[in-house]
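A, B, ... follow the sequence lines: proteins, then strands. Residue 1 opens every chain.
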There are 2 protein chains.
Amino acid sequence: MTNDTFKLDKCPMTRTMAILGSKWKPVIIYTLSKRHLRFGQLAAQMPLISRKVLTDQLKELEEDNILLREAYNELPPRVEYSLTAKGLALLPILQQMCEWNKQFEGHVGACEAR
Amino acid sequence: MTNDTFKLDKCPMTRTMAILGSKWKPVIIYTLSKRHLRFGQLAAQMPLISRKVLTDQLKELEEDNILLREAYNELPPRVEYSLTAKGLALLPILQQMCEWNKQFEGHVGACEAR
DNA sequence: CTGTATCCTGTTAGATACTG
DNA sequence: CAGTATCTAACAGGATACAG
């Protein structure tokens, strides 16, 4: 679903899904909503995602202007990720997804379940 | 993203995305929101989806109780699809996806753009 | 009319080892 | 610390032909 061609689709839903519709992106966005995080902190909060995939997803989200990547030329290097306004505006949608799931599939966990 | 294992994920967002996150499902749900439709009518309104994929997606949505499939034993056969309450409850989320896209990526088309 | 069956391709994401 | 590089498996989606 993250294929770039879908971002050119005529349907706004399809275009949004092209940005949001991969396994980890909603979780990454939600995790970054609470505070700016460094790469390692993000990885620590999502132990099930491999570092390669996390890197890939972060790069795509940056290209879509969902998040901001700030690299500091220090040793050891430090990179901070944070949501842009465009990314912050996705949070109500993610919130509704949580609520829909809890309403129709029982209260298995909270949105913080990661 | 439609893998069944994701539906067992602890995160409610991931579980919702496992149901909603494929190329055509949002469009199918939106198309069915206006009225009950037969298989051929659905296919006609979404000329870009192949019949095999449409069948697959409808089957999955039925298994997830998003839509209702009613088959009439006539000749020629007739099958009608409609949204369940659970499926109808997804519409506000899809609506928000449309609005988010239009707000941040310009007004390329309406939700009806299919 | 409403699908199945079969085959095929590109993409996603995971494992593992390595780098500035 | 924050990634790259490489390889691989699984999956989603599409083309085409056929069936009840």
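Every residue meeting the ring-ring contact (aromatic ring centres under 6.0 Å, His included) condition with B/Phe104, not counting sequence neighbours, appears here in chain and number order: B/Trp100.
Salt bridge status for A/Glu105 with B/Lys86: present, with a side-chain N to carboxylate O gap under 4.0 Å.
Results of the side chain to side chain contact (heavy atoms under 4.5 Å, CB included) test with B/Phe39 over B/Arg51, B/Glu80, B/Arg69 single out B/Arg51 as the only residue that passes.
Counting non-hydrogen atoms under 4.0 angstrom, B/Val79 reaches the backbone sugars and phosphates but no base. Residue B/Lys59 is classed as a sugar-phosphate contact, given heavy-atom separations below 4.0 Å to backbone atoms only. Residue A/Phe6 is classed as having no contact, given no heavy-atom separation below 4.0 Å to the nucleic acid. Across all strands shown, B/Gln57 has heavy atoms under 4.0 Å from sugar-phosphate atoms exclusively, and none from any base. Within the nucleic acid shown, B/Tyr72 has no heavy atom closer than 4.0 Å to any nucleic acid atom. Residue B/Arg51 is in base contact, counting any heavy-atom pair closer than 4.0 Å across all strands shown.
Among the nucleotides C/dT4, D/dA2, D/dA12, the one closest to any side-chain atom of A/Arg78 is D/dA2. Here the side chain of B/Thr2 is nearest to one of D/dA12, D/dA2, C/dA13, namely D/dA12.
To the nearest angstrom, P of D/dG3 lies 13 Å from CD of A/Glu70. Distance A/Lys52 NZ to D/dG3 C1': 12 Å, rounded to the nearest Å.
At a cut-off of 3.5 Å, with distance as the only test, a side-chain donor of B/Glu99 or B/Gln95 sits close to an acceptor on the other residue.
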